[in-house]
**Q** 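Okay, here's the structure, questions in a sec.
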Amino acid sequence: MRTLRLGLTLIVWACLYAVLGYISLLLDDPYTRVAFVWFPAGVAVAAFLFSAKRHWPALFCALFIARMLLDAGMLHNLETSFVLSAISLGSDLAVAYCTRRFSRRSDDLNIILVWLLASLIISALAALMGVGWLSLSKHISLSHFWVWWAANVSGIIAVNIMLAGWMVNQGSMTRLSRPMQLGIGVLLLAATLLATWHIFSQSLSLADNTALIFLRTVLPIVLILLLTIIVGSRAGSLTFLFLAALVVFYSWQGLGPFFLSGLNSNESLLLAQCYLCTIALLLVFVRILTRNIKSVSPESAFSQRYHMAMPTGTLTWDDPALFGALRLPDSRQGLLDAVAPEEVNGLLDYWQQAIDDGASRYGYTFHLTLAEGKNFTISQQEVIRVDGEQGFALIGRWEVQQENSPAKY
């Protein structure tokens, strides 16, 4: 069963990589083979970051095959495709490795800083190697270094943050009821897409007030940040996906505020990527606030640590009295039985990452139902593996919020 799940996961990542790769290759220079946008970089980095290290070789092969098949479908030179695929995926793997190796667990700002620096530096090295190869084989100018570097960095930032927001769901920062959150979310989604369409579907003329047009580009940013705060990171990622599609499409058509006089469509597209990266970085800092700011009263939110002995799965709790008279599960299976069915596999994967790598660096949010219909939202903050003479144990920390607390509504 686990092998089947791994195979399906590899197929999903490879398909996503291929789809975004196809879109990116449609926008590249057919002679130099330097893409002006490279969205698959973000897919690959996210795939490595959210997979156990023991799965990295299989994941690398799956993404490499997807890239080679994509290039074959575009009738690209086999030798050039092999070299560029190895450089591109090798750099993506290096970004993920450095992020895991050099960042501090449970320090969100440190993780983001290490990830961002690794993306900037390793993408520069990859661009130097890739453009250097192309300069020898196709005699292109080394000035294309900056195009490769910008395309790779922007792809990592925008797509990686978009996927992370979907996979590591951070809930609302408000006390609004769920129906109210969804209602406001739908309105904000519609407003964001309508504003983006209106701003980016128009062509500029010399008579237009350029400063005012640029100022209007702030409106979609404000709307998507409000949506993320009120509804959660998944809603923000979904809206960002639609927004990015509109921005890239219209910028490539020579429309919108970034198509300035004297710039060609490729340079306009680079400006659009900078705009999307700005939104993505703002989104990730909003998610950090979501994880660290408690928007509920102390009576309805608290921390709880647990110790899970393996392989028996015996659970012990640091302070079970925090749950009042409710009886907490004393085994791994008992805990899984109380978790929402659609979230069980995600929790198992989260634990497995800690087992394989020694720690899980990213949070996971799920819902727990105990006796008497008491419902809790659990934000798993950290899990580490501790080895002993008779096996190993997982030690983790929860941030617990009681859903049916009066303070929530």
Side-chain angles (χ1 to χ4, degrees), residues 1-21 39-70 82 85-103 105-106 111 114-115 118-119 122 126 152 155-156 159-169 237 308 310-311 313 332 336 342-366 380 382-387 391-394 396:
M1 187 65 177
R2 183 171 295 176
T3 302
L4 177 61
R5 286 182 56 205
L6 174 60
L8 291 175
T9 301
L10 293 178
I11 291 174
V12 170
W13 282 121
C15 289
L16 185 58
Y17 186 92
V19 169
L20 293 185
F39 299 123
V43 176
V45 173
F48 289 122
L49 285 176
F50 288 100
S51 300
K53 286 184 179 178
R54 63 191 178 94
H55 296 153
W56 281 7
L59 183 58
F60 185 93
C61 291
L63 297 178
F64 190 87
I65 292 172
R67 172 67 185 269
M68 292 298 294
L69 291 175
L70 180 63
F82 185 89
S85 298
I87 293 174
S88 179
L89 283 171
S91 67
D92 298 334
L93 178 59
V95 170
Y97 172 80
C98 290
T99 302
R100 283 198 178 185
R101 174 66 179 81
F102 299 109
S103 60
R105 292 192 302 268
S106 302
I111 292 172
V114 172
W115 166 77
S119 300
I122 294 173
N152 207 66
I156 291 175
V159 179
N160 200 170
I161 289 177
M162 184 190 305
L163 291 173
W166 183 265
M167 298 180 68
V168 185
N169 185 33
S237 291
M308 179 163 42
M310 301 296 285
R332 175 177 178 270
L336 292 175
E342 66 274 11
E343 296 171 335
V344 170
N345 287 335
L347 183 58
L348 290 173
D349 290 341
Y350 186 80
W351 284 337
Q352 190 62 47
Q353 186 184 83
I355 294 173
D356 294 337
D357 300 339
S360 290
R361 294 180 180 271
Y362 308 97
Y364 181 73
T365 301
F366 60 96
Q380 178 75 72
E382 59 183 345
V383 176
I384 60 173
R385 169 176 171 160
V386 178
D387 294 312
F392 65 91
L394 295 180

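When reading the values below, keep in mind they use all heavy atoms of this one structure, side chains included, and skip hydrogens, waters and symmetry mates. Predicted model only: the values in this text are computed from it and were never measured.
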**Q** Within a strict 4.5 Å, meaning less than it, do heavy atoms of the Ile161 and Ile156 side chains meet?
**A**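 With C-beta onward as the side chain, the pair stays apart.
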**Q** Is there a side-chain contact between Lys53 and Gln353 (heavy atoms, below 4.5 Å)?
**A**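 No, their side chains stay 4.5 Å or more apart.
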**Q** Checking side chain to side chain contact (heavy atoms under 4.5 Å, CB included) for the pair Val386/Phe392: CA distance, chi angles, key distance, verdict?
**A** CA-CA 6 Å; Val386 178; Phe392 65 91; over 6 Å; no
**Q** In Å, rounded to the nearest 0.5 Å, how long is the span from OG1 of Thr99 to CG of Leu49?
**A**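 Taking OG1 in Thr99 and CG in Leu49, the distance rounds to 5.5 Å.
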**Q** With sequence neighbours excluded, what pairs up with Ala94 under the side chain to side chain contact (heavy atoms under 4.5 Å, CB included) test?
**A** Ile122
**Q** With heavy-atom distances below 4.5 Å as the criterion, would you say the side chains of Tyr17 and Leu89 are in contact?
**A** yes
**Q** For the residue pair Ser119 and Val95, what are the closest heavy atoms and their distance?
**A** OG-CG1, 3.6 Å
**Q** For Val114 versus Cys98, what's the shortest heavy-atom pair and its separation?
**A**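 In this case the closest contact between Val114 and Cys98 is CG1-O, 3.6 Å.
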**Q** With the side chain counted from C-beta on, respond yes when Asp349 and Arg5 share a heavy-atom pair under 4.5 Å apart, and no when they do not.
**A** yes
**Q** Test of understanding: with side chain to side chain donor-acceptor pair (under 3.5 Å), list the residues that count as partners of Trp351, not counting sequence neighbours.
**A** Tyr306
**Q** Name all residues meeting the side chain to side chain donor-acceptor pair (under 3.5 Å) criterion together with Ser91; count only those two or more places apart in sequence or in a different chain, and write none if there are none.
**A**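 Residues passing side chain to side chain donor-acceptor pair (under 3.5 Å) with Ser91: none at all.
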**Q** Taking the side chain as every heavy atom from C-beta outward, state whether Pro40 and Arg67 have any pair of such atoms under 4.5 Å apart.
**A** no
**Q** Output the distance between atom OH (Tyr350) and atom CZ (Phe50), rounded to the nearest 0.5 Å.
**A** 11.0 Å
**Q** Under the 3.5 angstrom rule, does the side chain of Arg385 hit a backbone N or O of Ile355 as a donor-acceptor pair?
**A** yes
**Q** Only counting residues at least two apart or in another chain, list the ones meeting side chain to side chain contact (heavy atoms under 4.5 Å, CB included) with Val344.
**A** Leu336, Val339, Leu348
**Q** In chain order, what residues pass the side chain to side chain donor-acceptor pair (under 3.5 Å) check against Ser237, with sequence neighbours excluded?
**A**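 Arg287.
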**Q** Determine the minimum heavy-atom distance between Met167 and Trp13, stating which atoms define it.
**A**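 Heavy-atom minimum between the residues: SD-CH2, 3.8 Å.
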**Q** Can you name the side chain to side chain donor-acceptor pair (under 3.5 Å) partners of Asp356, sequence neighbours left out?
**A**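 Asp356: side chain to side chain donor-acceptor pair (under 3.5 Å) contacts with Arg54, Gln352.
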**Q** Report, one line per pair, each donor and acceptor closer than 3.5 Å where one atom sits in a side chain of residues 56-66; sequence neighbours left out.
**A**
residue : atom : partner : partner atom : Å
Trp56   : NE1  : Phe48   : O            : 2.8
Trp56   : NE1  : Ser51   : O            : 3.3

**Q** Would you say the side chain of His55 lies within less than 4.5 Å of the side chain of Leu10, judging by non-hydrogen atoms?
**A** no
**Q** Quick one: closest heavy-atom pair of Ala126 and Ile87, and the distance?
**A** O-CG2, 3.6 Å
**Q** If you look at every heavy atom in Asp92 and Val45, which pair is closest and at what distance?
**A** O-CG2, 3.8 Å
